[in-house]
Amino acid sequence: MSSIHRRLLVLLKSCSTTPSVRNTKPLHALTITLGPKPNQPIFLYNNVVSLYASFGEILSARKLFDTMPDRNVVSFNTIISAYSRCGYAEEAWSMFLDMRNCGFRPTPITVSGLLSCDLLNICEGIQLQALAVKNGLLFADAFVGTALSGFYSRHGCLSESVCAFEDMPRKSIVTFNSMISIFGQHGFAEYSMVLFRELVRMEVPLSRYSFVGVLSGVLSERDLEIGEQIHGLVIKNGFDYNVLVVNSLINMYVKCSGIRPAVKMFEEVPARDVVSFNTIIGALVKSEKLERVVELFLRMSMDGVLPNHTTFAHVINSCAGLQNLMCGKSIHAQIIKNALECDVVVGSALVDFYAKCDNRED
DNA sequence: TTAGGGTTAG
C-alpha cells in the first residue's frame, strides 16, 4: 500500500470518530489528487460518498460517485440509500436502473433502501417485491420484508402490509415493532396490542420502539385501561427513564384521560425535551388554558429546552386567543431570531395573531 | 473494510 493510501486510511479513521463535512473535505481532496487511476481502492471512495450522504450533502456525494474511477455494489447501494433517505425517489430509481445496466445484482440492501423511500411509487414498489421474491432476498434477513410492509402501509394498503408481514420467512424485533406501530397508526389498537402481547410471550428483550409503537394506537378514553397496563410494563422493563417512551405515555394520558393526569406525569418524569413540552402545550391550547401556555413556554426556556416551530405556533395561537399584543410581539422577535418566520405554520399563526389583535398592517 | 429497517408533539 502506498503512503498516500495509508494517509487516506488515517483520515478516514478520523472521519469516522468525529464525522463532519470539515473532516471529510481533506479526504475528498486526497481522492481527487490520486486522479482517476485504475486499481484505486473503491473502499475509500465509498466511504467518502457515504460520509457526504450522512451529512445530507447529497450533491457532493453524487458528484464524487460520478467521478469514481470504478464502482462496486456498495457504491451503488450507498448512493441509492442516500437518495431514498432524502426523498429523491426518481434519482434513487434511476441509480437502481444504472446499477442493473452495469451488471450488478441488487442485494437486500438495495431493495430495502429503495422500499424505505417515502416517495417511491406503488408500481415500483410492486416490481421490487417481485424481484425480491424471485431472487430469494426475503430469506437473507428481515430488512426487505420489514421495508416492504412499511412501504404498503405508507401507501394506505394495510392488508398488503399485513400479508407482507405474515409471509416473512424471517422476522426481527424491528419487524414486530414496525407492525405494532402500523396497526396503531391505522386505528387498530387491539391488533397492535395482540402483536405486542405476542412479542412479550416470545421473551425477546423489548425495545423503546415496542412501547412507542403500541402506545401510538392508544388514543381514546375506552383504551385507558390498556394504556395503564402498558405504563406498568414500561416501568417493569425499565423504560420509564427513556424520554421517547415517556413522551408517548404523556401523549397517551392527554388523549385517554385529559390534561390533569398528563401534567402529573409530565411533572414527575426525570427528564423533558421539546416534544414533552409541546405535547402539554398542545393539550393546553386545545382546552383553551391559554395563560398556562405562556407560563409553560417561559418555564421551557428556564429549563434550557429550545422551542421549535411547533412550540412557536402554539404560543402565538395562544397570544392571538388572549389578544395579548405585547406578549405576541416579543414571541415574534424570538421567532425571527430562530429564523422560523418563513415556516408556513408559524408564519400563518403570526398573520392570524396580528389580524385578531386588530393590527392589520403588521 | 465501506451500504440497510422501528420513533413521540405538530
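Here the structure is a predicted model, which means the values were calculated and not measured. Letters A, B, ... mirror the listed sequences (proteins, then strands); counts begin at 1. What's counted below: heavy atoms across the whole structure, side chains too, no hydrogens, waters or symmetry copies.
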**Q** Check whether A/Phe139 forms a cation-pi arrangement with A/Arg170 (NZ or CZ under 6.0 Å from the six-membered ring centre, at most 45° off the ring normal).
**A** no
**Q** Using a heavy-atom cut-off of 4.0 Å across all strands, would you classify A/Ser112 as base, sugar-phosphate, or nothing?
**A**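 A/Ser112: base contact, heavy atoms under 4.0 Å.
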**Q** Could you state the atom-to-atom distance from OH of A/Tyr52 to P of B/dA3 in whole Å?
**A**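 Atom OH in A/Tyr52 sits about 17 Å away from atom P in B/dA3.
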**Q** Could you tell me whether the side chain of A/Asn177 has a donor or acceptor atom within less than 3.5 Å of a complementary atom in the base of B/dG5?
**A** no
**Q** For A/Ala142, report the nucleic acid contact type (base, sugar-phosphate, nothing); a contact means any heavy atom under 4.0 Å.
**A** base
**Q** May I have the distance from A/Arg170 (atom CZ) to B/dG4 (atom P), rounded to whole angstrom?
**A**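 These atoms are roughly 19 Å apart.
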**Q** Between residues 208-218 of chain A and DNA chain B, which residues have a heavy-atom gap below 4.0 Å?
**A**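 Heavy-atom cutoff 4.0 Å gives A/Tyr209, A/Val212.
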**Q** Given atom CG of A/Asp118 and atom P of B/dG6, what is their separation to the nearest angstrom?
**A** 9 Å
**Q** Name the closest nucleotide to the A/Phe43 side chain, picking from B/dG10, B/dG5, B/dT1.
**A** B/dT1
**Q** Once side chain to side chain contact (heavy atoms under 4.5 Å, CB included) is applied, do any residues pair with A/Val263, and if so which ones, sequence neighbours excluded?
**A**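 Testing A/Val263 for side chain to side chain contact (heavy atoms under 4.5 Å, CB included), a comparison that skips the adjacent residues, returns A/Ile259, A/Glu267, A/Ile280, A/Arg292.
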**Q** Scan A/Asn308 against the nucleic acid and name what it touches under 4.0 Å (heavy atoms): base, sugar-phosphate only, or nothing.
**A** base
**Q** Checking only heavy atoms, does the side chain of A/Ser207 share a donor-acceptor pair with the base of B/dG6 at less than 3.5 Å?
**A** yes
**Q** Between B/dT8 and A/Gln185, is there an OP1 or OP2 to side-chain N/O distance shorter than 4.0 Å?
**A** yes
**Q** Between the base of B/dG10 and the side chain of A/Thr311, is there any donor-acceptor pair under 3.5 Å?
**A** no
**Q** What contact category does A/Thr175 fall into here, base, sugar-phosphate, or nothing, at under 4.0 angstrom with non-hydrogen atoms?
**A** base
**Q** For A/Leu51 and A/Phe55, work out which heavy atoms get closest and say how close.
**A** O-CD1, 3.0 Å
**Q** Counting only side-chain heavy atoms from C-beta out, which of B/dG5, B/dA3, B/dT7 sits nearest to A/Val73?
**A**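 Nearest to the side-chain atoms of A/Val73, counting from C-beta on, is B/dA3.
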**Q** Can you list, in residue-number order, the parts of residues 131-139 of chain A that come under 4.0 Å of DNA chain B, counting heavy atoms only?
**A**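 Correct list: empty, so none.
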**Q** Which heavy-atom pair separates A/Arg85 from A/Ala53 by the least distance, and what is that distance?
**A** NH2-CB, 3.9 Å
**Q** Quickly work out the A/Ile173 CD1 to B/dT7 P distance and round it to whole Å.
**A**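 Computing the A/Ile173:CD1 to B/dT7:P distance gives 13 Å.
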**Q** In whole angstrom, give the distance that lies between atom OH of A/Tyr45 and atom P of B/dT1.
**A** 21 Å
**Q** Check the phosphate of B/dA3 against A/Arg85, side-chain N and O only, distance under 4.0 Å to OP1 or OP2. Yes or no?
**A** no
**Q** Verify the ring-centre separation between A/Tyr354 and A/His332: is it less than 6.0 angstrom?
**A** yes
**Q** Determine whether the aromatic ring centres of residues A/His231 and A/Tyr253 are separated by less than 6.0 angstrom.
**A**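 That pair passes the under 6.0 Å test.
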**Q** Give the rounded distance in Å between these two atoms: CZ of A/Phe151 and P of B/dG5.
**A** 17 Å
**Q** Looking at A/Asn251, I'd like to know whether one of its side-chain N or O atoms comes within less than 4.0 Å of OP1 or OP2 on B/dA9.
**A** yes
**Q** Quick check for you: among B/dG6, B/dT7, B/dG4, whose closest atom lies nearest to any side-chain atom of A/Phe143?
**A** B/dG4
**Q** If you check every side-chain atom of A/Asn278, which of B/dA9, B/dT2, B/dG5 has the closest atom?
**A**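 Among the listed nucleotides, the one closest to the side chain of A/Asn278 is B/dA9.
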**Q** Knowing that exactly one of A/Asp141, A/Asn177, A/Thr175 qualifies, which makes a side-chain hydrogen bond (donor to acceptor under 3.5 Å, both in side chains) with A/Thr146?
**A**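 With A/Thr146 as partner, side-chain hydrogen bond (donor to acceptor under 3.5 Å, both in side chains) holds for just one option, A/Thr175.
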**Q** Under the ring-ring contact (aromatic ring centres under 6.0 Å, His included) test against A/Phe76, which residue among A/Tyr83, A/Phe96, A/Phe65 passes?
**A**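 Going through the options one by one, the only one that passes is A/Phe65.
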**Q** Indicate whether the side chain of A/His186 and that of A/Tyr191 have a donor and an acceptor atom separated by less than 3.5 Å.
**A** no
**Q** Could you state the atom-to-atom distance from CG of A/Leu114 to P of B/dG5 in whole Å?
**A**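 Spelled out: CG on A/Leu114 to P on B/dG5 is 12 Å.
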**Q** Take atom CG of A/Leu128 and atom P of B/dG5, then tell me their distance rounded to the nearest Å.
**A** 15 Å
**Q** If we check ring-ring contact (aromatic ring centres under 6.0 Å, His included) with A/Phe176, which of these qualifies: A/Phe165, A/Tyr209, A/Phe196?
**A**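 For A/Phe176, the ring-ring contact (aromatic ring centres under 6.0 Å, His included) check succeeds only for A/Phe165.
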**Q** Quick one: does A/His314 reach the base of B/dG10 with a side-chain donor-acceptor pair under 3.5 Å?
**A** no
**Q** Would you state whether a donor and an acceptor, one from the side chain of A/Thr146 and one from the base of B/dG5, lie under 3.5 Å apart?
**A** yes
**Q** Measure across A/Ile180 and A/Leu199 and return the closest heavy-atom pair with its distance rounded to 0.1 Å.
**A** CD1-CD2, 4.0 Å
